[in-house]
Amino acid sequence: MKKFLALILAALLTFGCVSMAVAEDAKRPLEGVTLSYWYPMWAWESQFVGTGDMSDLTFYASLEEQLGCTIEWILPPVDDAAAKAALNVLLASSDLPDIVTHPYYTYYPSGNDAAIADGVYIDLKPLLPEYAPNYWKLLQEDEEMMKQVTTDEGHIWCLYMIDSFAQPSYSGPVWRKDFIEKVDGKLPETIDEMYELLTKFKNELGLQYPIYDDGVNYLPFAWGVKNDFFLDEEGKVQYGPIQEGWKEYLKTMHKWYAEGLLAEDYQAPEDNKQSWVNGKIGVAYQGFNNMTEIVPLAQAANVEGFAMIASEYPTLEAGQQVRFKAVHAYRAQQNCTAITADCENPEAALMFLDAKFTEENILASNYGVEGEHWDMVDGKPVYRDEMAYPTEPGMTLGIYLYKYALGKGPYYRIMDRNWFTHLPEAIDAMYLWDGSTDGGTGDIADPFISMPVEEGEEYSAIVNDAQTYANEARVKFITGEWDIETKWDEYVATIEGMDIETAIEIKQGAVDRYNAR
């Protein structure tokens, strides 16, 4: 950890060398500038903003003071669906604000290149080197990230939140470690070993949920498929639910279901957290953060010996690695912030956004105010106890960061700034899951690939129908309502009849264009 933080601080010093290069002599380089900013808040941000606006929060108040500018905040409804609806109304208007941050995983409806062609947003790429040198330098240092933030036509349509490193895969199989010990078992590496352990859970401990779900998020990896499109070893797009590997996964799940290892109510099981605490679960698909949440619940309930442990994604043979990640994270995060074509001073708008990537503001946006929320100790920032371990009911460091630092929009997020608040075994779990893959060579960079409007509409229509049918069929195959040996060919033919090959071709085209950027 110390070594990593030292590297981060060294990087910060490097960023500082180019900070506000366009206005080296100006203490307040945007003196007198007013910018309008449409910004969809997180719920926690809105809690601190109240009836005010984002300028009431510590970081933005300081940033406006540093630069000399005034931000006129336009805050849509906090509810995500309502914010997306408000964005569509905004984009259809004839009077756009200067800056727009998109709700999470939301893009311009007709595609990012279309946003520029339609005269809604501007192409930032020509302006970045001069007016956003800190952000531009980050992109220059990471070839893959540069490809991700660039459109098929070579534009850069927005600024992303940039993580200091891509988070390891943060979800996977988590077990009751004490239950494994009770049955004299071991953490399984393979599907067969997993089956043996689940059988012991059922027969010796009588668990209601030896496995809590059908493992669709990670078990098919063992057979080289996933419940989605993926890349085969030749880099060609395939659709998982019609592959032979998917059939083998379904056969295994049916066997487990028939033997009571997968409960009859697995589609709508009892509450996850409470079932862990009540001793009903042997293994479940969980996030690393869930481990940190559940263990204290068990301790509060005085569950003797309660312990959780993660395992690698199981494979067919010991020592293998799977080709997918349950969650494939990227450094460029999906809260994209664009500058509209109505902005009369896009250079100033870029300078405002880029200021968050300077040395001083990277620290402030991640930790708050030095001497108030954190101190530099042995060359690294350390939260003060009142920040790291708040005594106010319901308050956590993660929530405080929305008040004193940043949580959304373009900034440089130091990924492990609050990982010390998690259980060590939860942090270890992420690296364990990540290490059991070959890096995710079979995964498609879905957040960053794009399709022309008409192709995208055709693709979505096909995939929505096919995936709905595949998910319904999965349940029927697992429960035995459909016999897989007699029904499989008909099932595949049905999906092929939905024109899945066209969807595959469209997806392949998008992947090829991404690879050519």
Any non-hydrogen side-chain atom of [X] less than 4.5 Å from a side-chain atom of [Y]?
X	Y	value
Lys356	Leu406	yes
Leu316	Gln320	yes
Ile309	Glu425	no
Pro210	Trp256	no
Leu207	Lys202	no
Ile156	Thr151	no
Tyr404	Phe48	no
Thr292	Trp419	no

Under the salt bridge (charged side-chain N to carboxylate O under 4.0 Å, His left out) rule, collect the residues that match up with Arg323, sequence neighbours excluded.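 By the salt bridge (charged side-chain N to carboxylate O under 4.0 Å, His left out) rule, Arg323 matches no residue at all.
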
Identify, with sequence neighbours excluded, every residue that meets salt bridge (charged side-chain N to carboxylate O under 4.0 Å, His left out) alongside Asp98.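 Residues passing salt bridge (charged side-chain N to carboxylate O under 4.0 Å, His left out) with Asp98: none at all.
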
Does [X] have any side-chain hydrogen bond (donor to acceptor under 3.5 Å, both in side chains) partners at least two apart in sequence or in another chain, and if so, which?
X	value
Ser311	Trp175
Tyr135	none
Tyr266	none
Tyr160	none

Decide side chain to side chain contact (heavy atoms under 4.5 Å, CB included) for Thr315 and Glu189; before the verdict, give the C-alpha distance in whole Å, the side-chain angles of both, and the deciding distance to 0.1 Å. CA-CA 7 Å; Thr315 54; Glu189 293 182 53; 5.5 Å; no

Check the pair Asn366, Tyr411 against side chain to side chain donor-acceptor pair (under 3.5 Å), reporting the backbone distance first and the verdict last. CA-CA 9 Å; Asn366 281 277; Tyr411 78 104; 5.0 Å; no

What pair of heavy atoms forms the shortest contact from [X] to [Y], and how long is it?
X	Y	result
Ala132	Leu350	CB-CD2, 4.1 Å
Arg28	Glu65	NH1-O, 2.6 Å
Val283	Pro173	CG2-CB, 4.2 Å

Atom NZ of Lys147: over 12 foreign heavy atoms under 6.0 Å: yes

Heavy-atom count check: over 12 atoms from other residues, nucleotides or ligands less than 6.0 Å from Tyr402 OH?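 Atom OH in Tyr402 is packed in, count exceeds 12.
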
Is [X] salt-bridged to [Y], cutoff N-O under 4.0 Å?
X	Y	result
Asp446	Lys507	yes
Asp178	Lys182	no
Glu144	Arg331	no
Glu196	Lys200	no

So, does [X] use its side chain to make a donor-acceptor pair with the main chain of [Y] at under 3.5 Å?
X	Y	value
Arg517	Thr150	yes
Asn227	Val216	no
Asn290	Gln286	no

Any chance you could lay out the side chain to side chain donor-acceptor pair (under 3.5 Å) test for Thr190 and Tyr195, step after step, and finish with the verdict? CA-CA 9 Å; Thr190 67; Tyr195 168 72; over 6 Å; no

Mind running side chain to side chain donor-acceptor pair (under 3.5 Å) on Ser55 and Glu64 for me, showing each step along the way? CA-CA 8 Å; Ser55 293; Glu64 290 181 44; 2.3 Å; yes

Taking the six-membered ring for Trp, are Phe221 and Phe324 parallel (under 30°), tilted (30 to 60°) or perpendicular (over 60°)? tilted

Quick one: sort the Phe448 and Tyr330 rings into parallel, tilted or perpendicular, breaks at 30° and 60°.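 Perpendicular.
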
For Val369, the side-chain contact (heavy atoms from CB on, under 4.5 Å) test, sequence neighbours excluded, returns Thr58, Glu372, His373

Rounded at 0.5 Å granularity, tell me how far [atom1] in [X] sits from [atom2] in [Y].
X	Y	atom1	atom2	result
Asn471	Gln267	CG	CD	10.5 Å
Tyr39	Ile71	OH	CD1	12.5 Å
Ile427	Phe420	CD1	CZ	11.0 Å

Go through the steps for Gln238 and Asp232 under the test side chain to side chain donor-acceptor pair (under 3.5 Å), then give the verdict. CA-CA 7 Å; Gln238 305 292 343; Asp232 64 20; 3.0 Å; yes

Which residue pairs pass the disulfide bond (SG atoms under 2.5 Å apart) test when at least one of the two sits in residues 354-403, sequence neighbours left out? none

Using distance alone, with no hydrogens and no angle criterion, decide if Asn361 and Thr358 have a side-chain donor and acceptor under 3.5 Å apart.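 Distance-only check passes for Asn361 and Thr358.
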
If you look only at pairs with a residue in [range], which of them pass as a salt bridge (Lys or Arg N to Asp or Glu O under 4.0 Å), with sequence neighbours excluded?
range	value
residues 49-61	none
residues 274-289	Glu270-Lys280
residues 212-230	Asp214-Arg474, Lys226-Asp443
residues 291-314	Lys273-Glu293

Apply the test side chain to side chain contact (heavy atoms under 4.5 Å, CB included) to residues Tyr383 and Leu401: give CA-CA distance (whole Å), side-chain angles for both, the deciding distance (0.1 Å), then the verdict. CA-CA 11 Å; Tyr383 293 109; Leu401 290 175; 3.6 Å; yes

